[in-house]
Amino acid sequence: MIRTFKTHYVRKQMELTESLWEFEPCAGNYAGQKFPVAVPGCWENHPLFADYRGEGIYRKTFQAQGNVRIECKGVSHTATVYLDGHEIGHHYNAYTPFSVVVSDLEPGRHMLEIKADNRFHKDSALHVPNDYMSYGGISRGVAVEELSDLYLEYVHVKTYRENKQWHVQVKAAVNVLKIGQNDEADITIQGKIKDTAFEWKLTYTAKKHYEFCTDLKINGIEEWSPETPVLYQVELQMLREGEVIDDLIERFGFREICVQSKYILLNGKRLRIKGVCRHEDHPDYGCALPYQTIYNDLVLIRQMGANSIRTAHYPNDEIFLDLCDELGILVWEENHARGLEEDRMKHPLFEEQAEQVIREMIFYHYNHPCIFIWGILNECASETLFGRSCYEKQFRLIREMDDSRPCTFASCKFFGDICFDLPDVISCNLYPRWYVDKPVRNYLNEVYDWIVEDGNGKGKPFIVSEIGAGGLYGCHNTYHGKWTEEYQADALSEQVSECLKFSESMGVYIWQFCDVRVSSEWFAGRPREMNNKGIVDEYRRQKAAYGRVKEIFEQYSNYYEE
Ligand code: ADA
């Protein structure tokens, strides 16, 4: 399953995830041997490849003809795509979707091969040894679609209010793959949102790409919010000479996010964030969590009174976003980068690769009402001039692509950060009672005062984007030392309640939801080669901290009083 709802009724779409693929590792003890595997999946979850870092080829045949679009929701982390033995695509970065279109396929069976590579190779600027695992494999769904000579490429819906009336701006594009004999043809695109219909006309000639945009007033809608996650559909159909040749259905919600002085407003109400950071990670599935496991995580997160998830440190699977739309969970979605210092950001491919993640993240995820803020470059070099130039460029790109959401970055460079004038929201990762031996309240005051007085962050909303402590599931001792469940629960109680009591903070994200595997090449003293700051362990067994945080979160509503 690549989405939780159907996006096409006319276009023929087949998901290549319903039967097994063949997997062949390219190196190691089993090089050249073939294994049946499920896709999506990570090879680390096959007992023979639990620590394999390298290249592996996935093979699958499918039946199709004509113009074919192959969409991969995520291959970890470098993909080379071959069809019938010819290379047709290449993509870097595990966490964003990509697609390849091939014209005029003969009717019959075709061989799709995807070579995945999770080595920290020299051309990889973002996937580096880190405090999370860069798994290997086809980690998200794959679909094959048959297209007509032209197809609907995307539809983006922005919702906004004017004089208390809700409007939508609908943008869409058509790609022309082939021109018929007469070199031109009349096309109609019919659109529908609720009971409002609209239409675009197009006469296509040799041009390859056509863009459309319409603003509409929509009556009688219900707003999307955490309490009422009401969703609507935009439905497009493309007709040539009266015949429907393509369709595209997307989902969105009516909601407006903006920043006003120190507040983040959702539909005019002052949001209070009670959140967790979450990696896509599970001992049985790696980063390829199936629908039910993602859903179960969201249930646990909601049950503890949280209203938000930060997708640290990369864009997430669209099924996760679909579910957050449905359940009313606010998402901070982040581009891919963690802890890259200046020399890493000077990697010749860094800029291009990081911007590509932003482009793909916003292009594919634009319609999700759950996403209320875009984040970039977690804990990167925001204390240097070169680092600042990267933050500047990336914020510019985001704002060009989407003016409907604020943006932010999570800093650990306060007392030296020179970028706080750039984002709409100031976010800091703070670890009092863990890495910093100070009472939480004092540390919060110290950091916040610096941001306002010396850090150029005055007058903007402030969020604690990480706070937490390590705790090993089942570890107890009489003196509640570090790594015990008790120490973690005590530290988190103090951290979370102080952040929520702090009148200058608009909310807090706990680091982190569950314990996660870290790459073995990155160590930093993590017991079990895992980051153990989860409030549930890797199998989602609740630690003492879970219940303690729940008690605190439940005392606070989703909004600040006016
Ligand atoms: C950082 C970082 C996280 C994680 C955390 C920790 O703030 O953003 O990815 O590494 O520290 O556990 O130390």
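Order of appearance sets the numbers: ligands from 1, and atoms from 1 within every ligand. This is a predicted model, so every value here is computed, not measured. Throughout, residue positions are numbered sequentially from 1 according to the sequence presented.
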Using distance only, find each side-chain donor-acceptor pair of residues 451-464 under 3.5 Å and give its atom names and separation, not counting sequence neighbours.
unit_1, atom_1, unit_2, atom_2, d
Lys460, NZ, Phe420, O, 2.9
Lys460, NZ, Asp421, O, 2.9
Lys460, NZ, Pro423, O, 2.6

Under a 4.0 Å threshold between the charged nitrogen and the carboxylate oxygen, would Arg517 count as salt-bridged to Glu538? no

Give a yes or no on whether the backbone of Pro283 and the side-chain of Asn45 come within a donor-acceptor separation of less than 3.5 Å. yes

Within the 4.0 Å heavy-atom sphere of ligand 1, strictly under, residues: Asp131, His313, Arg338, Asn378, Glu379, Asn429, Tyr431, Tyr435, Glu466, Trp511, Arg526, Asn531, Lys533

Cation-aromatic face contact Arg541/Tyr546, 6.0 Å, 45 degrees: no

Geometric cation-pi criterion, Lys346 with Phe386: 6.0 Å, 45°: yes

When the ring planes of Phe23 and Tyr58 are compared, do they come out parallel, tilted or perpendicular, using 30° and 60° as the limits? tilted

